[in-house]
Every structure is written in structure tokens, then in C-alpha cells.
Amino acid sequence: MGEIRKRNGVSSQGEKRVACLRCRQKHIRCPGGDPCAKCEQSNAKCEYQAPTKKVAVNVNFIRHLNDGISDLKKENERLRSVIAMLQSKNHKLEAQAHASKSDVERISGRFHSENVTEEEDGDDDGELIASSFAQRSGRLIESHSGLRYFVGSSSMTLFGLEIQSLISHYVNEKNLKPLPINLKLENRTDLTDYKKFLEDAGANNQSHQLTGLSPVEKIIRHDVKKFEVVLSHMYCGNSDRFTVTLPDYEYAVLLVEKFITFNDGCFYFFNEGLVRKGLDIVYADKELLYKDDDTLQTMWFCKLFLIFAMGEMYLCSDKMNISKISVKSIPGFEFFSIGSKLFNCLFSGERLECATKEGGIEVLLLYAFYLQVADCTVASYFYIGQAVRSCLILGMHVDAQSDIKSRAELEHQRRLWWTVYMFERMLSSKAGLPLSLSDATIATELPSDLGLHPTIDEHFIFSPAENIDNCIAIVRINAQILKKMYQRQPNYNILPVLKSVIQSLLEWRNTLPDTLQVDFTKQDLEITRLGTNIFTEFFQGINLAIRPLLFHFTSVQLKKFKASNTYVDLAKYSSTISSLLNCSLQASVNTIRSLWELMEQNMVAVFGYMDREYLFTSSCTLLLFNVAFGIHEQTNEYLDYALDMLTTMKTMGNVSAGLRRAQLLTLMMNMDFHAIMRDLISKHSDSFQQNDEELLNNLEKHETKEATTLFNAIKGTLEKSYEIPITKLDTEIMEQNLNQLEQVNNADNDDLQEILDGMDYVDQTDSKLWKEISDQAMWLGDTMDPTAAIGIELELGDNLLMMK
């Protein structure tokens, strides 16, 4: 990259100041100077790197280049069509197509050699970044039903095509016969007898499958909002009919906007611009969006009703809105029921191939998302898996068809793929299940901003790419934590693994753009819905990485409870141990603070899955800190916030949040050995007593029983609880631990790098500690034996057992 030279960070020509090499390697801010203050303090050699070079290109040249490439692509497609029509001249036309492709590559190559200038810049942000993935071989193949699917390099079909390609490339003297790659019954007279055999055997479903019969016979429009969908019944030969009624236009737009408000930036379930365009067309009483394809139109209706379902769920995060909507179960369920009926007609049985049609991936993703909200975790996991496999079939993991798609269409495909990828990772992490595919199999480029490209479709709308890119990055890191630390009993010391994942988390945090940064050191926290989406996943990664250490100290404390209930004294361990624990403590606190701030803005997904689970996990982590170190003074405020939010969720009808609340209160009762949390528990048990009459009138019998059982259990436990006196030694240790775990937000500044440096030099006490953690693997649970007896979700103690 250039010579290394010693300098004060600013050149005589006024170059922008850069960081020294040591500060860069440690990912800390460099104060500049010769030497810089950081190096001088550490008595280290301070060196700077020569400025990097970057390429500046004239915008008009880029436009000219893009126009040229676009023209060559069209010519290439024309030649491919000629190849299909004139099979006898296949080998000659392939040579022409190859030449066209070379022209594209030659013009693209000129990008690096013509009309460019070089300039010096000392800022690393000027470096050009390319994809780190190598393109995998493979191609899309058309099936007998007309749908396309991707085949990879080991495919037998692709193997045959490669052999055919070799023959056509080297043998010019022979008139070659094209290689058939599918069987289309309607065009093959030699299969007439086989088709008749299927019909005579009553195997109409197989026959329809082979001919690619649409699951939808027709769509009848009655008025602006009312449609009748007539389905082709593939088994009995008759038709099913049902009516689809759209909501008022203004309400439809509101639901779409609510969905986007809660998810835009981090995730991409559909393109906002295309959905709005479709709404305008349908509600204008002009024509259907897909007037020539009833299956695609039905799929669009299905997608729309699933969006409405999620939008109404988010709309009801405001207490004022939920009172205006007739809610029998979860908000949006009526819309979901309509979407679910369409979904089952489109994707059941052999019609699952419809998932590879336009909009199919979006429908699968939305369907799985709502099932997650409805707490149907198993079904959600199944359909996320189907979405992943459908993406693979379409080659979305390798940017298939990138040469013939417009730039906007390609960006749409990429963002959709990465959203499916993220949800598969996140759901696997929260359920503790293995990942479905390896990152090594993915060659798709990350989302990017379209910039000044002249061929962008005017209806596409994309949020800034840096938002979703950073969300992808943190999900990837957390997936690695799951893979390296949680999927099997370790047979080595986990300290190097822990350091590696903490390093990755630190790098992600330090490279986050200013537009996404949040200052958690402020007493009055300011954070958006987008920021909360990203940072709660970041804090989840910190908690997952450091959980083995926290579990170890908790288990030590509980094991010695009968002999001595004195808290663990952190003063006996190195500052690295305290700092790591402090990172987890602050991650949990800041998760609750973020959601509490959104709660005041009516921006918490009251019926959502992720907000609820992040809240519960962080609260349980704070309880472990209380048990092991006695730092109730720091945690009680945030446990109070968490219980308030779970209570609000429960009161508004979120039964699953009520279950998490019951679990959290049960854990608090079981772990309150000195009765320090007694007042907090009593405060939130009173809310059950106050709501008993309302619960009796409004809730189902089993829900009323749940609330009453919990209240009685809490009341009985508090009345019979023993209070172990706090000794002078206990008090001293608690005060020392409070000082050791002071709220410094190590997870939010450069000091975390010093923690990582300290992990290279462990003393004898720390070495023994990490060996015990690795050998016992308490954070994996009591047993990793899958043949053990079946457990239940609420095995949290003997005080309370409830039906979910």
C-alpha cells in the first residue's frame, strides 16, 4: 500500500490526518501527533502509513459505459433467441454470443484504463471495496411446468450441459442436436400414451403437475374492493370459490406505512414503491395488477393481506388504536386468515413450486413472520426454511440472472435474499437450532445504493443500503457466536473463541456510520426504531458471548448456597473479568432502556416477537447478576421497567408476553434469597390483584386461571419466604462489586480494546477459571443429551406450573 513513514499525521500539503498503524490495529481513535499520545503512553513505536490511492471517474463516462453495457446485453439476448430458433446453426451463433460477451467485458475493462485520474487522500474511507465472494458456477434451468430453478456445479443436468458445450466448442464439422433439458407434455407426441395412462389411473394431480396447471382458474371483480377468486381444484376436478374484500384505501395505506415504520432499513419484506403502485392501480377500479396471470394476481392479494395483518399488529402498539379495532385474538388476525386461505391454495402439495414465481419469496417470508408474532414458533421455523430453500432454487444466493435483470430488480432480489438470511439466522439463534446453510455457499453481493444509474425503475423505493448492510453484519457475527459457542460441548478452552467474537463485535461497533450511532452514555437516551432494531441484536451478541462467564459465577454462588450465601467477590479476579461482565451488564441495561424509550413513543411492537424476547433475555441476565454479585441497586430500576412493559403487553392482549412476565416474576421469587427484591415483586403482583375483576370478565377461562394462579403463587411465596440476614461481609462485597461493575458503558467505547488486550495475558486464577468454564459448559444447560426426558418451557422452579 505504500511506504511506512514516521510523521505527525498531517502532511505539508494539507492532507487529511490519518491514524497511526498501532491505533488502527487496535481499532481505537488516534489523537495524532509525533508520536501520538496513545503510543507515547504505551512507550510503543508510532508509525503512519502512506496515503492510499483511489480512482476518480467522470460521471458522464459511467453513464456512457452503462448505456453501452445495456445495449450489448440486449444484443446478447437477441442472439440467444436466434440460437433457440436456428438449432442447426447452434455452434456458429454461440460463437457470436461469446463475442458479444467479450465486448461487454472489454468495455468494462476500459473502466480501469480510460478517462480516469488518480488523486492522493490520507483517509481510509477513500479505499474502493469489492466483494469478498467468488462467483460460484451454476445456471437457471426451465422445468417441465415452465418454472425456472437453479442448478449448481455438481448437478447432473449441468454436467450434461457442460459436456454438450464442450462438443459444440471444439467440434465444428458436425451438425449437433440440442440437448433436451425438460419434458413438456403438450409439445411431445411421443408421451401421449404415458399421459393417457396417468389419466386412466385417476392420477389427475400428477398430470396437472406435469402440465403446470395454474391453481387459480379465474378472478372475478365485483367492485372496487370486492373480488371473487375461483380456484382450480387439482384433486376432485371442481372449483372452490371465496370472496376477497379489501379494506378502505386510506386504511390500507396506513397499514402499509405502519409496517414500513417498524421494519424499514433493517429488513426488506417487499418494495414499498411497488406495493403503493399496486394499491393505486387496484383501488382506481381500472384493472388488475396482473391481468394476464390470475395466479400472480392471487399471490399479490395474499401478500397484501399479510402486510395488512402485520401493519394492524403494529398499529395496535398504540393503546388508542387497539380500542378502535375489533380484536378477537391478535391484531391483524382477520387479515391473516384471508391471506392464509390464499396461501394454502397457492402453496399446498405439488403447488409449492409457486414459491418460485414472482412474489413467492415475499409471501413465504411474510407468512413466517406473522406466525412468529402469533407465537407459532415451530410453524414459523418451517416456513422460514421453505423461504430459504426457495431462494436457493432461484439462485438468489449467487446473484443468478444478474446479467439480465435491471439494476433495480437485482437490488430487490438481493435485499429480499438477505432478509430471508437474517430471519433464518435470528430464529435459529433464539430457538437454539443449527443454521440451515453456511456463509461459504453465498456469493450474493450485499445491498447497495443505486446512485445515478439511469435505468432505475421509477416505482422502486429503497432505503439507504448502509442500514440493512450493518444489520446483516451483526446477524452474521451472532450466527458465528451460535456456531462456535452454543452448538456442542467444547473440547478446548473457549477463551480464544470468546476473544475472537468480542473482537468482531467491537469492529462492527466502531465502523458503524454516524447516522446509526447512538450515545448510550446520555442519561436521557435518544434512539429511533431503526436504532433499536440494530442495537438490540448487537447487545444480544454481547450477552451470548459473555454468558458462559456469567453462568459460571451464578452456578458457583448457587452451589455454595447451603454452606455460605456470600456473594462472589470480583476483587479476587482480574480487571478483565470485571470488564467483560460489565459489558454484558450494560448490554442488558441498554436493551431495556432502548425499549423503554420507544414505549413512550408508542413504537414498541406490543404484540411483536423480538421486542418481547429481547426484553425477557435482558431481564433474566440482570437477575443472574443479582444472584451472583448482589448488585440489586443497579438492576432493580431496569427490572421494574421491564415488568411494566410486559404488563402493558399482557394487558393489551399479548398472552405470550404474559407468560414471559410470569416466568420473570417466578425467577425473581426463586432467586430473592435476601428479600431485596421483595418490594419490586409485591408491586407487580398487586397489578394482578387490581386486574382480577377485569380479567374475569374479558379473558378466556384458562387465561383467568393463569393470572389467579400466578397471583396466589406470588402472595404465598412472599408470605412464607425466609429472609437470610445480610452480614457485614455481604455488604462489603456488594459495595465492592458495585464499584467493579460501575456503569461505564464499556461496550460503547474504545476501552473494550484494552479488555481484549488483557485477555492475552491471563494470570493463574483467570486461567483456572476459563478451564472450569470450558470443561463444565454450564451455559449450554444441564444436559446436552438429546435422549433425555422431555421437558417443558416453564420448568423454572416448583412454585409455579402453568399451561401456556
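- R593 has no carboxylate O lying under 4.0 Å from a charged side-chain N of E597, or vice versa, which leaves the two without a salt bridge.
- Ring planes of W418 and Y421: perpendicular class, angle over 60° (limits at 30 and 60°).
- Atom CD of E312 and atom CD1 of I307 lie 14.0 Å apart (nearest 0.5 Å).
- Under the 3.5 Å distance criterion, the side-chain polar atoms of Q517 are matched with a main-chain donor or acceptor of L512.
- The closest side-chain donor-acceptor pair between N543 and S588 falls under 3.5 angstrom.
- Put simply, the residue from Y268, W417, F270, F462 that forms a ring pair (Phe, Tyr, Trp, His ring centres under 6.0 Å) with H412 is Y268.
- Legend: residues meeting ring pair (Phe, Tyr, Trp, His ring centres under 6.0 Å) with F305, ordered by chain and number and at least two apart, are F308.
- Formation of a donor-acceptor pair under 3.5 Å by the Y486 side chain with backbone atoms of L544 is found in this model.
- Of all heavy-atom pairs spanning D449 and R407, the tightest one is O-NH2, 4.5 Å.
- Summarising the geometry of I461 relative to E272, their closest heavy-atom pair is CG2-OE1, 4.0 Å, with the distance given to 0.1 Å.
- A donor atom on one side chain and an acceptor atom on the other are not found under 3.5 Å apart for T617 and Q540.
- Judged as a salt bridge (charged side-chain N to carboxylate O under 4.0 Å, His left out), the pairs with a partner in residues 528-542 (not counting sequence neighbours) are, in order, K430-E537, R529-D611.
- Counting heavy atoms from C-beta outward, F538 and L505 have side chains that approach closer than 4.5 Å.
- N533 places no side-chain N or O within donor-acceptor distance of the main-chain N or O of C266, the cut-off being under 3.5 Å.
- Scanning for ring pair (Phe, Tyr, Trp, His ring centres under 6.0 Å) contacts around Y614 gives an empty result, with sequence neighbours left out.
- In plain terms, the two heavy atoms of A473 and W508 that are nearest each other are CB-CD1, 3.6 Å.
- Taking the side chain as every heavy atom from C-beta outward, T621 and T591 never approach each other to under 4.5 Å.
- Judged purely by atom type and a 3.5 angstrom limit, S618 has no side-chain atom pairing as donor or acceptor with the backbone of L615.
- At distances below 3.5 Å, not a single donor-acceptor pair connects side-chain atoms of R476 with backbone N or O atoms of D439.
- Remark: side-chain polar atoms of E507 are not paired, donor with acceptor, to backbone N or O of S504 under 3.5 angstrom.
- Just one of Y367, F607, F343 meets the ring pair (Phe, Tyr, Trp, His ring centres under 6.0 Å) condition when paired with F336; it is Y367.
- Between atom CG of residue D469 and atom CD of residue E445 there is a gap of 10.5 Å, rounded to the nearest 0.5 Å.
- A donor-acceptor pair under 3.5 Å is absent between the side-chain atoms of S500 and the main chain of P496, judged by distance alone.
- The two atoms that bring N470 and P513 nearest to each other are ND2-CD, 3.5 Å, heavy atoms only.
- For F369, the ring pair (Phe, Tyr, Trp, His ring centres under 6.0 Å) test picks out F269, F423, with sequence neighbours left out.
- Not a single side chain to side chain donor-acceptor pair (under 3.5 Å) links Q413 to another residue, sequence neighbours left out.
- The two residues V253 and L279 come nearest to each other via the heavy atoms CG2-CD1, 4.4 Å.
- Judged by distance alone, with hydrogens and angles left aside, the side-chain atoms of S438 form no donor-acceptor pair with the main-chain N or O of T441 at under 3.5 Å.
- Residue S594 holds its OG atom at 13.0 Å from CE of M603, rounded to the nearest 0.5 Å.
- One distance of note links CD of Q480 with CE of M485; it measures 12.5 Å at 0.5 Å rounding.
- Taking a cutoff of 4.0 Å between a charged side-chain nitrogen and a carboxylate oxygen, D375 and R612 qualify as a salt bridge.
- Contact check for I442 versus L437: side-chain heavy atoms found under the 4.5 Å cut-off.
- Within the 3.5 Å criterion, the main-chain N or O of Y314 finds a donor-acceptor partner in the side chain of S317.
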Identify all side-chain donor-acceptor contacts of residues 383-392 below 3.5 Å with residues at least two apart in sequence or on another chain.
{"from": "S390", "atom 1": "OG", "to": "Q386", "atom 2": "O", "distance (Å)": "2.8"}

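- A distance-only check finds no donor-acceptor pair linking the side chain of D399 to the backbone of T444 [under 3.5 Å].
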